[in-house]
Amino acid sequence: MNIDAIRKDTAGCSNKIFLNSAGSSLMPKSVVEKMTAYLKEEEQTGGYGLAKMKTGEINEFYTESASLLNCRPHNIAFAYNATDAYSRALSAIPFIMGDYILTTNDDYVSNQLAFLSLQRKYWIHIVRSENLPNGDIDLDNFEQLLKDHKPKLVAITHIPTNSGLVQQAEEIGKLCKKHDTWYLLDACQSVGQLVVDVEKIGCDFLSATGRKFLRGPRGTGFLYISDRIIKEKLTPLFIDMRGADWTDVNQYSIQMNARRFELWEFSYASLLGLTEAIRYANSIGIEKIYEYNRQLVNKFREKLPGIHNLQLLDKGSQLCSIVTFHKRGCELKEIEKVLKDHKVEYSVSLKNNALIDFTNKGVDWAIRFSPHYFNTCEEVDIATDILASMEN
């Protein structure tokens with residue numbers, strides 16, 4: 001990777017230390033240029049006419065996304081964000097009273113809320129697997145819960161929003177296949193920083209966003225649908241003329257691909273921006289991105305524990321390009337002021353975003369750094385020194 005060239009492509013990294021790619025990353029210039037050019041054409045041509053003219057370019061979204069995930073274009077549906085994609089997948093599961101969802105203690109807050117909403121409306125049960133002392137999913141306990149409850153759906157978050165933990169997505173996929181259970185994976189934080197191969201993972205659904213480690217625009221995401229789900233004709237709760245044809249007054253026929261999960265109306269400028277972001281990542285190579293990011297985040301994990309009263313919070317046998325920490329005896333507003341004064345971009349995770357995890361860790365808040373491949377080792381050193389200066 002040519003880091004200098006990548007930084008020149010990233011206008012937003014020139015005047016600050018940007019460590020918030022797990023929130024909403026910095027877009028490459030080519031993404032902004034692609035979206036701006038489309039909107040200027042749309043201004044002159046009109047939305048319908050231009051979309052028809054650009055059909056080939058629009059379809060590149062499906063081929064680039066499929067290349068990213070190791071699937072085929074018919075397995076991909078565009079969505080407005082990861083939660084939108086996730087909700088459409090969740091709505092396709094034909095729950096009945098008494099069904100079970102098997103999930104984890106580290107699932108994303110919005111997913112946990114969605115499960116609780118389903119529990120209230122459909123009287124389903126939620127069970128959460130235990131964790132090993134190192135933070136990993138206890139796979140023996142997970143399989144026992146599969147045997148005991150025969151859940152209608154297994155739903156896990158690959159990487160929690162509040163931690164650098166990488167959960168064992170492939171191992172869970174093998175258990176789901178063994179027990180013939182539908183499997184929904186939230187890959188919001190993993191797509192763009194890890195190699196995410198749906199064939200190896202074995203999931204039925206996978207949701208992802210554009211704005212995080214893929215470095216795409218906000219308001220974009222996508223949903224992977226397995227061939228099994230396509231053949232079994234699962235559909236979202238609400239389907240429109242994008243996903244089905246009205247064939248008789250009281251009949252419709254669905255598309256036999258993932259686009260049955262799309263809605264007819266969306267922003268093609270945003271879709272093309274996301275396409276360009278995925279192409280940019282694919283051209284560099286996710287393997288290279290992962291290896292470079294690993295150097296950056298490992299440097300943080302080596303240096304931060306040397307700071308007085310600073311506690312690293314990440315647990316797990318596999319960690320990613322997210323590092324979370326808490327400073328004992330320090331108010332959150334104090335550490336935020338120091339970081340803001342020195343133009344360091346970061347995120348804060350609060351207890352209500354990670355209720356189970358933060359209760360177990362005994363903290364109410366954590367600072368989250370999420371370096372990405374436009375960052376440098378020098379920036380890691382500077383950010384660490386800024387935090388260390390709070391000791392004085």
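It should be emphasised that the depicted structure is a prediction, and the values quoted were computed from it without experimental measurement.
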Regarding R294 and E291, does a basic nitrogen lie under 4.0 Å from an acidic carboxylate oxygen?
yes
For the pair K337 and D341, find out whether any cationic side-chain nitrogen is under 4.0 Å from an anionic carboxylate oxygen.
yes
Examine the side chains of D148 and Q144 and answer whether a donor and an acceptor come within less than 3.5 Å of each other.
yes
Distance-only donor-acceptor check, side chains N131 and D138, under 3.5 Å:
no
Taking distance alone, no hydrogens or angles, what donor-acceptor pairs closer than 3.5 Å link side-chain atoms of residues 27-34 to residues at least two apart or in another chain?
residue, atom, partner, partner atom, Å
K29, NZ, K8, O, 3.2
S30, OG, E276, OE2, 3.0
K34, NZ, E57, OE2, 3.2

Check for a donor-acceptor pair, side chain of S25 on one end and backbone N or O of R215 on the other, with a separation under 3.5 Å.
no
Between H372 and F213, what is the ring plane arrangement, given parallel below 30°, perpendicular above 60°, and tilted in between?
perpendicular
Look at the aromatic rings of Y268 and Y38 and report parallel, tilted or perpendicular, splitting at 30° and 60°.
tilted
If you apply the rule side chain to side chain contact (heavy atoms under 4.5 Å, CB included), what do you find for E287 with V195, and how did you get there?
CA-CA 6 Å; E287 298 89 348; V195 175; 3.8 Å; yes
In a check of salt bridge (charged side-chain N to carboxylate O under 4.0 Å, His left out) between K152 and each of D99, D180, D204, which one passes?
D99
As a test of understanding, state which of D314, V363, I335, I307 forms a side-chain contact (heavy atoms from CB on, under 4.5 Å) with F325.
I335
N/O donor to acceptor pairs below 3.5 angstrom from side-chain atoms of residues 245-254, sequence neighbours left out:
residue, atom, partner, partner atom, Å
W246, NE1, D248, O, 2.8
W246, NE1, V249, O, 3.2
T247, OG1, Q251, O, 3.4

Residue list, side-chain hydrogen bond (donor to acceptor under 3.5 Å, both in side chains) with D107, at least two apart or on another chain:
T103, T104, T157
If you take the centroid of each ring, where Trp contributes its six-membered ring, are W264 and Y48 closer together than 6.0 Å?
yes
With a 6.0 Å cut-off on ring centres, are F266 and F78 close enough?
yes
Sole candidate of K147, E143, K150 that passes side chain to side chain donor-acceptor pair (under 3.5 Å) when paired with H179:
E143
With N162 as partner, the option from N353, D357, D106 fulfilling side chain to side chain donor-acceptor pair (under 3.5 Å) is D357
Y62 ring centre to R72 NZ or CZ under 6.0 Å, with the angle to the axis within 45°?
no
Got more than 12 heavy atoms from elsewhere within 6.0 Å of NZ, K200?
no
Atom CZ of R301: over 12 foreign heavy atoms under 6.0 Å:
yes
Could you go through F369 and I367, starting from their C-alpha distance and side-chain angles, then the distance that decides it, and tell me whether this counts as side chain to side chain contact (heavy atoms under 4.5 Å, CB included)?
CA-CA 7 Å; F369 283 172; I367 297 290; 3.9 Å; yes
